[in-house]
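Each chain gets a letter, A, B and so on, in the order the sequences are listed, and its residues count up from 1.
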Amino acid sequence: MYEFQLIQSTGFRNHGPEGARDGVEVRLRLPNYRGMRLSLLDGIDVTLDGEFFSHEVTSLILGGTVYDLAAMRDATTVRWAMGEHASVLVPKPGGLLPGIHHVKVAALVRSPYFPPHLQPLPVHGERLATIVLP
Amino acid sequence: MYEFQLIQSTGFRNHGPEGARDGVEVRLRLPNYRGMRLSLLDGIDVTLDGEFFSHEVTSLILGGTVYDLAAMRDATTVRWAMGEHASVLVPKPGGLLPGIHHVKVAALVRSPYFPPHLQPLPVHGERLATIVLP
Amino acid sequence: MEDRFKYGVSLYSFTEDFGSVMSIEEGFDHIADTGATGIEILGETHVTGYPTPDKAWLDRWFGLLDRTGLEPTNMCSWVDTKLRLGQSLSVEEGAAELTRDLTLAHQLGFKFLRPKFGVISADLVPDPIWAPAVERVLDLAHKLNIVICPEIHSPTPINHPVVHGYIDFIERTGTKNFALLIDTGIFQDRPLKSWVHEVPEGDSDHAKLINGMKVNPEELVGIAPYIAFIQAKFHHIDDNLHDENIPWEKVMPVLKRIGYTGYLSSEYEGVREPWVAIDQVRRQHVLLRRLEAACDAVPA
Amino acid sequence: MEDRFKYGVSLYSFTEDFGSVMSIEEGFDHIADTGATGIEILGETHVTGYPTPDKAWLDRWFGLLDRTGLEPTNMCSWVDTKLRLGQSLSVEEGAAELTRDLTLAHQLGFKFLRPKFGVISADLVPDPIWAPAVERVLDLAHKLNIVICPEIHSPTPINHPVVHGYIDFIERTGTKNFALLIDTGIFQDRPLKSWVHEVPEGDSDHAKLINGMKVNPEELVGIAPYIAFIQAKFHHIDDNLHDENIPWEKVMPVLKRIGYTGYLSSEYEGVREPWVAIDQVRRQHVLLRRLEAACDAVPA
Ligand SMILES: [Mn+2]
Ligand SMILES: [Mn+2]
């Protein structure tokens with residue numbers, strides 16, 4: 001089961017080998033009420049303690065595979081299913097220090113049944129979350 | 001999974017044959033953070049729209065068996081397990097009309113590791129709940 | 001009681017619950033306890049492994065139907081015409097999406113399929129592939145005994161070119177496997193107190209969606225023969241059993257008058273909090289059943 | 001790093017979550033993601049089918065241990081001496097309760113068992129059957145390699161006849177299978193902002209439990225040889241990583257000084273809302289690890 005919030009408490013962690021972290025993972029619940037093919041997600045903006053990372057530089061880790069924005073747009077047959085977690089991978093050399101951090105995300109979702117001028121619509125999440133390990 | 005509240009929305013219904021209702025069922029989650037033997041429950045007071053029914057007249061339906069207060073006190077080997085629903089059976093001839101009702105319960109729980117003067121302690125629930133069918 | 005409405009609930013009602021505080025088992029229990037006879041789902045939300053659930057999930061599904069006595073009513077699906085950036089789906093691809101969902105809906109025992117087509121304009125005109133794509137699967141729908149029903153949903157009213165287009169399609173093809181699904185949100189005539197949609201505040205549709213389309217329920221009369229299914233959309237029923245947004249006391253008599261005897265399938269879409277919808281749906285069922293009884297008590 | 005603390009989490013921390021928004025799978029995941037190595041449970045809460053879980057549940061349990069790499073630490077249990085109104089358990093019955101839980105704890109791989117005995121007085125003196133009942137199961141505990149540890153828990157301080165009684169028992173029997181579990185709630189030295197216990201407001205213990213026992217952590221020194229396990233009870237760690245109630249900066253150096261190298265097993269007991277404990281436990285682990293690193297950085 002998901003935590004209710006878009007940004008999950010668990011799964012917020014540094015990425016890469018210990019001692020040589022190269023990024024931060026922010027685990028999300030599905031930012032939609034229906035499962036969706038990954039090509040309907042136009043990337044995810046992330047802000048960590050005020051530092052902005054555009055959806056053009058973040059990636060998504062889904063089912064063990066890493067998708068950058070181009071790969072996401074091509075992923076017309078990959079589903080992010082209801083109930084499945086995925087993590088945004090934020091390229092931040094060194095990662096974050098253990099402690100409480102301010103995290104914001106905007107998942108850019110295209111819903112073809114919404115008017116064209118509302119594509120994509122951002123699904124927002126914002127919270128304090130905790131990195132436990134260096 | 002339980003609804004978070006002690007008094008569950010679902011399972012609030014009339015009891016007995018349609019047209020000849022003899023009571024009301026109020027479904028509860030386990031009123032304790034641990035599963036417990038039924039003899040540790042000293043009955044459940046229920047108030048329906050201001051009408052009080054003492055734990056001496058209500059019963060508990062657990063796993064298909066109905067326990068009145070005496071039977072509950074004897075049930076030293078029956079467990080109300082975590083995750084299991086049970087319903088308080090309130091003897092109210094005719095039941096309740098479909099609609100929104102004010103429901104209060106106090107489950108009287110004995111916790112032997114609490115001081116003797118605090119036995120039993122009431123676990124309270126109060127809410128509006130809806131009877132759908134006559 | 002052949003002429004009574006049938007009562008159902010869509011698992012969509014539990015959107016704020018499903019996946020974080022509720023699984024499909026509880027969904028079935030909540031619905032069955034209202035006395036409803038039908039369950040509606042969203043394929044992509046509620047079918048684990050969509051579009052090809054495994055045997056374990058199918059066993060669970062049929063076990064739940066069996067245990068609760070609920071019948072599958074409508075399955076909601078999407079034809080994602082903008083699946084790719086910059087290139088819309090072809091007719092063939094649209095038909096393939098429909099085939100995928102007809103197949104699954106049939107496998108699960110559904111009688112109705114609501115496809116949501118991508119749109120091409122601000123006033124929600126569906127991608128024109130909808131007609132040829134649907135036409136290609138009408139034989140399959142007939143074979144599977146499923147009625148495909150596009151949803152008439154706010155901000156699209158009843159009297160609108162999109163609806164006329166659907167009716168023209170039915171008349172032209174003579175099909176029995178394409179009909180209208182009415183979402184009662186179009187009758188909303190008082191403003192929502194909490195805004196739960198994605199449309200941004202500055203958008204031109206925002207006020208319309210907040211305040212309601214105020215479609216006159218009498219307009220149902222003109223499209224009566226084409227109505228296959230009704231989603232009983234609502235947003236809040238207060239502690240006095242009063243719906244704050246949808247004028248059920250006007251809608252229900254018209255539905256009786258036009259002889260509708262299909263499903264009223266609850267679609268709660270109110271505040272985004274868990275554990276709210278369960279009781280709201282129960283309230284709606286009391287309200288609707290009470291109004292129906294009042295209609296039935298009046299000699300025709 | 002032989003002399004470092006071990007970090008664990010008790011599923012008790014998730015009391016407001018478990019059963020309504022969290023199942024045991026998620027509990028394991030939340031714990032493992034903190035970098036903890038140990039999981040603590042309440043037998044009657046977290047073992048489906050307690051005290052005799054079926055094979056499916058056992059497979060699930062060992063699968064989760066395997067997947068997460070967590071080791072079972074302590075299992076909490078109860079000896080319900082007042083199971084019957086008006087007649088306390090006999091020594092034999094008390095020993096049977098302990099046997100039941102030793103058996104289950106062993107089956108699940110636990111190394112510690114915390115039995116909570118019923119009490120006979122307002123100051124929480126345990127039913128005197130505790131000593132002969134425990135004595136009857138010491139051989140079994142030895143055979144199963146489990147340490148039985150009663151919990152020193154507010155409002156019982158360290159320097160108290162109950163604790164002296166436990167230590168006398170250890171000395172008299174010479175057992176290695178009975179020792180003390182310290183609940184760090186006894187060190188609470190600032191008032192709780194939210195009251196989550198069952199004790200009614202009028203009760204004499206109420207103020208004590210709200211304001212904290214303020215036991216001096218230095219008192220751990222006198223009982224050091226008898227401490228087997230520590231439940232790191234806490235109530236709220238604020239947005240600046242500051243614990244509002246437990247003086248960890250005083251507790252941790254004493255634990256280092258007495259050479260404790262066992263578990264610090266998080267027990268969150270704060271506001272009664274779901275989805276709060278998960279992050280609170282993470283905050284505590286950052287705080288405790290930071291304090292331990294600071295202790296280790298000081299030359300002894
Ligand atoms: Mn709808
Ligand atoms: Mn404790």
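Heavy atoms of D42(B) lying under 4.5 Å from chain D belong exclusively to its side chain. With a 4.5 Å cut-off on non-hydrogen atoms, L85(D) touches chain B through its backbone and its side chain both. With a 4.5 angstrom heavy-atom cutoff, S121(D) touches chain B only via backbone atoms. Only the backbone of V21(D) comes within less than 4.5 Å of a heavy atom in chain B; its side chain stays farther off.
Proximity of V119(D) to P116(B): side-chain heavy atoms (C-beta onward) are separated by under 4.5 Å at one or more points. Taking 4.5 Å as the limit, every side-chain heavy atom of Y113(B) sits out of range of all side-chain heavy atoms of F117(D). Residues L124(D) and P115(B) are in side-chain contact: their nearest non-hydrogen atoms beyond the backbone lie under 4.5 Å apart.
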(request) Evaluate the side chain to side chain contact (heavy atoms under 4.5 Å, CB included) criterion for residues E16(D) and F4(B): first the C-alpha distance (whole Å), next the side-chain angles of each, then the deciding distance (0.1 Å), finally the verdict. (result) CA-CA 8 Å; E16(D) 301 312 309; F4(B) 187 72; 3.8 Å; yes
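To the nearest 0.5 angstrom, E3(B) atom CD is 10.0 Å from S20(D) atom OG. In this structure, L40(B) CG and R84(D) CZ are separated by 11.0 Å, a value rounded to the nearest 0.5 Å. Taking CD from E44(D) and CG from N32(B), the interatomic distance works out to 8.5 Å, rounded to the nearest 0.5 Å.
The residue among L30(B), D74(B), T76(B) with the most heavy atom pairs within less than 4.5 Å of chain D is T76(B). With chain D as partner, the option from A81(B), G83(B), P112(B), S111(B) having the largest number of non-hydrogen pairs under 4.5 angstrom is P112(B). Comparing M36(B), R37(B), E84(B) by heavy-atom pairs within less than 4.5 Å of chain D, the highest count is held by R37(B). Listed options Y50(D), F18(D), W78(D) were ranked by heavy-atom pairs under 4.5 angstrom with chain B; first place goes to W78(D).
Of the residues listed (R110(B), R34(B), R79(B)), the one engaging D80(D) in a salt bridge (charged side-chain N to carboxylate O under 4.0 Å, His left out) is R34(B), and it is the only one.
Nearest heavy atoms, L83(D) versus S39(B): O-OG, 2.9 Å.
Taking the six-membered ring for Trp, Y33(B) and Y12(D) have ring centres closer than 6.0 Å.
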